[in-house]
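Heads up: the structure comes next, in structure tokens.
Every chain is numbered from 1, with letters handed out A, B, ... down the list of sequences.
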Amino acid sequence: MHEETVYDALDHAHGGEGQWAFGTGFDEPLAGVDTTVPEGIDPADLGAYCLMLGDDALVLCQRLTQWVTNAPELEEEVALANCGLDLLGQARLLLARAGSVGVLGRSRTLATDSIPDEDALAYFRDPDEFRNSRLVEAPNGDFAQTLVRLLAASTWRLALFARLRESRDPVLAAIAAKGVPELTYHRDHAARWVLRLGDGTTESHRRAQAGVDAVWPLLADLFSPTDVETRLIAAGVAVDSGELRDEVRDVLTTVLERATLTVPAWPAEHPSRGRAGDHGPELTVLLADLQGLAREHPAATW
Amino acid sequence: MTDVTAEGGKNTPSSPPLASSGRAPGRGRRDWPLYEVFVRGKRGLNHVHVGSLHAPDDEMAVHAARDVYTRRNEGVSIWVVKAAAITASSPDEKDPMFAPSGDKVYRHPTFYEIPDNVPHM
Amino acid sequence: MSAPTLDRPAAPDEVALQAQFDATIAADHRIEPRDWMPEAYRKGLIRQIAQHAHSEIIGMQPEGDWLLAAPSLRRKAILLAKVQDEAGHGMYLYSAAETLGADRADLTDKLIERKQKYSSIFNYPTQTYADVGVIGWLVDGAAICNQVPLCRSSYGPYARAMIRVCKEESFHQRQGFELLMTMMGGTGAQRAMVQDAVDRWWWPSLMMFGPPDDDSPNSAQSMKWGVKRHSNDELRQRFVDMTVPQAAVLGVTLPDPELALDPETGRYRFGAIDWDEFKQVLAGKGPCNDERIARRRAARDDNAWVTEAATAYADKHAS
């Protein structure tokens, strides 16, 4: 292409290509991966489980993205965008995995054939078909609440992904293995901030405590396996989210105490509303932003 | 003038919480110090200066440096150091302009212009 | 530490220092942070680099407005990475300005108080998703034409920052062009969107190179100092020559009836630019000036408590 002449003026001696940008590796998430489902695993259950974990990532990515161009410092723009990009990558893999086993819900009644599975699932399901937890869909609140939520969500997800690396579904196991270092970083980032806000100024302490108090009740949505999960736990595919409770509670307690924040009483757990498709009105608004353009042009290719 | 460092005034007291609504925007606050970032791109190479960033402390500085200057490229080693802590030689030590030989890496703004609305100057 | 260089009468030293500076420039060597430099060189560079940094940061907004609504997950990933790159570019450039004694927070204040400018192109709204592609193709394309020569800027830290910026910008331009190619292969509505975006962004892109040479007061000195390497008109012509064949590949019409190849020079002639519009937008009367600045102001003021909290924590835990 003609603009090569412009690039030729660049000094290529300074570092390797791609070291400074994410580059162009954004194509088909599961390209070249053997997506055969191992024997004894119900593909419908596997797909439904992938939607739970994929929707969590997609919805939280959307929330973090709302900070871009609005963050406190440029360093934080970059950090939150990094977390968002990681989660988006996880969402794409998980939605593609759901599509690969034929779990597409009602999305294909609206999406045209040329639209890849990941996009059919992200853009052409209605709110009641989303399986994300209530924790990730809640609005951001201020910076403190956003970071407390990121701490809670990444602590839970890291505990889960660390165990999911042993899943009998090799695709799910690989996705989890890729996600562990990413989530470790997210949890680390969020914990650093919660420490600084909790143990910073009077104002930041007040805001951090308010963030904790707002986020805490949402934890109730995370620790009761659905029927799908119960069957997949028996099949060696899914992680029992009830097993994560102690680890998550210990990590959160440690961070909050070091941050001089008050740890609220553990919320009364209940069967997950989010995983059952029972969402708050905030998710409808979030999905309207996400899906509006794609739905306006269902026959388009992007 | 007291020892004003490259981070813009160690001696400026931190502003009270109320100040953010009362003061002229952006004035009188204490900004995060400037850190210089050095990256070793791969084993066998030296750390090389790649730029700078602002962070509240060392831990956050190294964390932000990974995000900004390596985009979390694994296997990369990073050093950060407060710009104010670096002592530099001048290109021509014999030059009388640079008589105090140990100097900061970068010229400081207050050498040149002092905005009239900055307190404590 | 004292401040001996302030308001000092021109000492005999200065003549020698000036000669050394001139010789460094003449030899096409780099000026580095602790070198002596004329005050006008330093101030001019701070202004230029800050304006450039501000442009990267403000430039996140028009595209950022589509982050939540990107029409596929792949496009969302590409756009998020791009907007993040721009934050990184802003940081590289503020870093370079800080080597000259500027302070990032102070430069941000000047941006918000409208004492320093940014590229007027970012005061236009992004109306459809095709605008995201056209910004990549035309705006980033124009930026590359402007910026590649700056990789050889006489000021070392600026030149080094620009090398990194240009590498990433080249990704962005390719991604923008690829989006437009895809859309042109899509539905009729998508093709119309692309043409409409090209119609709106073409002339503002040409304005990105700045006023014509005979109306560009600072250019001569900047060229002499090696801070600027080519004239505005020369770079603009280079951009037009590069872009016209790309438009043909894409299948869009550039909105200039006078655009034609000059068989003698092999370069494209193009119509007159509406400099009144340029001046209006630069003067703050563009469609989105207020919105762009308001968002920067809010990011600074609404989150000041975060910055203060981290500072307070650092004080408490300093060992």
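Looking at Val83(C), the atoms closer than 4.5 Å to chain A (heavy atoms on both sides) all sit in the side chain, from C-beta outward. Of the atoms belonging to Leu74(A), heavy atoms from both backbone and side chain fall under 4.5 Å from chain C. With a 4.5 Å cut-off on non-hydrogen atoms, Ala300(A) touches chain C through its backbone and its side chain both. Within the 4.5 angstrom heavy-atom criterion, only side-chain atoms of Ile57(C), from C-beta onward, approach chain A. Only the side chain of Tyr123(A) comes within contact range of chain C, with at least one heavy atom under 4.5 Å from a heavy atom of that chain. Using a 4.5 Å cut-off between heavy atoms, Arg207(A) touches chain C through its side chain atoms alone. Within the 4.5 angstrom heavy-atom criterion, atoms from both the backbone and the side chain of Ala144(A) approach chain C. Of the two parts of Met193(C), only the side chain, counted from C-beta on, holds a non-hydrogen atom closer than 4.5 Å to a non-hydrogen atom of chain A. In this structure, the portions of Glu75(A) lying under 4.5 Å from any heavy atom of chain C include both its backbone and its side chain. Gln61(C) touches chain A through backbone and side chain together, each having a heavy atom under 4.5 Å away. Proximity to chain C (any heavy atom under 4.5 Å) is shown, for Leu286(A), by neither the backbone nor the side chain. With a 4.5 Å cut-off on non-hydrogen atoms, Ala189(C) touches chain A through its side chain but not through its backbone. The contact between Leu95(A) and chain C is made entirely by side chain atoms (from C-beta outward), counting heavy-atom distances below 4.5 Å.
The backbone N or O of Arg63(A) lies less than 3.5 Å from a partner atom in the side chain of Asn140(A), making a donor-acceptor pair. Checked by atom type and distance alone, the side chain of Gln84(C) never pairs as donor or acceptor with a backbone atom of Ala81(A) at under 3.5 Å.
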Start with the C-alpha distance between His230(C) and Phe209(C), add both sets of side-chain angles, then the distance that settles ring-ring contact (aromatic ring centres under 6.0 Å, His included), and finish with yes or no.
CA-CA 11 Å; His230(C) 304 276; Phe209(C) 296 92; over 10 Å; no
Are Glu86(C) and His172(C) close enough, and set up right, to give a side chain to side chain donor-acceptor pair (under 3.5 Å), and what steps lead you there?
CA-CA 10 Å; Glu86(C) 285 161 0; His172(C) 298 168; 4.6 Å; no
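A salt bridge links Arg295(C) and Asp65(C); the closest N-O separation between the charged side-chain nitrogens and carboxylate oxygens is under 4.0 Å. Ion pairing between Arg174(C) and Glu169(C) fails under the 4.0 Å rule for side-chain N and carboxylate O. A salt bridge links Arg75(C) with Glu178(C): the closest approach of a Lys/Arg side-chain nitrogen to an acidic carboxylate oxygen falls below 4.0 angstrom. Lys82(C) has a carboxylate O that lies under 4.0 Å from a charged side-chain N of Glu63(C), or vice versa, which qualifies the two as a salt bridge.
Of the listed residues (Ala208(A), Ser204(A), Ala122(A)), the greatest number of heavy-atom pairs within a distance under 4.5 Å of chain C belongs to Ser204(A). Between chain C and the residues Thr65(A), Ile115(A), Leu80(A), the most heavy-atom pairs under 4.5 angstrom are made by Thr65(A). Highest contact tally toward chain C, considering only Leu58(A), Asn70(A), Asp142(A), is held by Asn70(A) [criterion: heavy-atom pairs under 4.5 Å]. Contact count against chain A (heavy-atom pairs under 4.5 Å) is highest for Ser72(C) among Gly64(C), Pro149(C), Ser72(C), Gly141(C). Interface remark: of the candidates Pro72(A), Ala299(A), Ala71(A), Pro72(A) forms the most heavy-atom pairs closer than 4.5 Å to chain C. The candidate from Val306(C), Thr187(C), Thr182(C) with the greatest count of non-hydrogen atom pairs under 4.5 Å with chain A is Val306(C). For the set Met183(C), Met91(C), Gln190(C), Met60(C), the entry with the most heavy-atom pairs within less than 4.5 Å of chain A is Gln190(C). Chosen from Ala299(C), Ala309(C), Pro71(C), Ala312(C), the residue pairing most often with chain A at heavy-atom distances under 4.5 Å is Pro71(C).
Trp67(A) and Gly141(A) make their closest contact through CZ2-O, 4.1 Å (heavy atoms, listed as atom of the first residue, atom of the second, distance).
Here the CG atom belonging to Asn82(A) is positioned 11.0 Å from the CG atom belonging to Leu64(A), to the nearest 0.5 angstrom.
In this view, Glu56(C) satisfies the salt bridge (Lys or Arg N to Asp or Glu O under 4.0 Å) rule with no residue, not counting sequence neighbours. Residues forming a salt bridge (Lys or Arg N to Asp or Glu O under 4.0 Å) with Arg267(C) (at least two apart in sequence, or on another chain): Asp241(C).
Between Tyr185(A) and His189(A), the ring center distance fails the sub-6.0 Å criterion.
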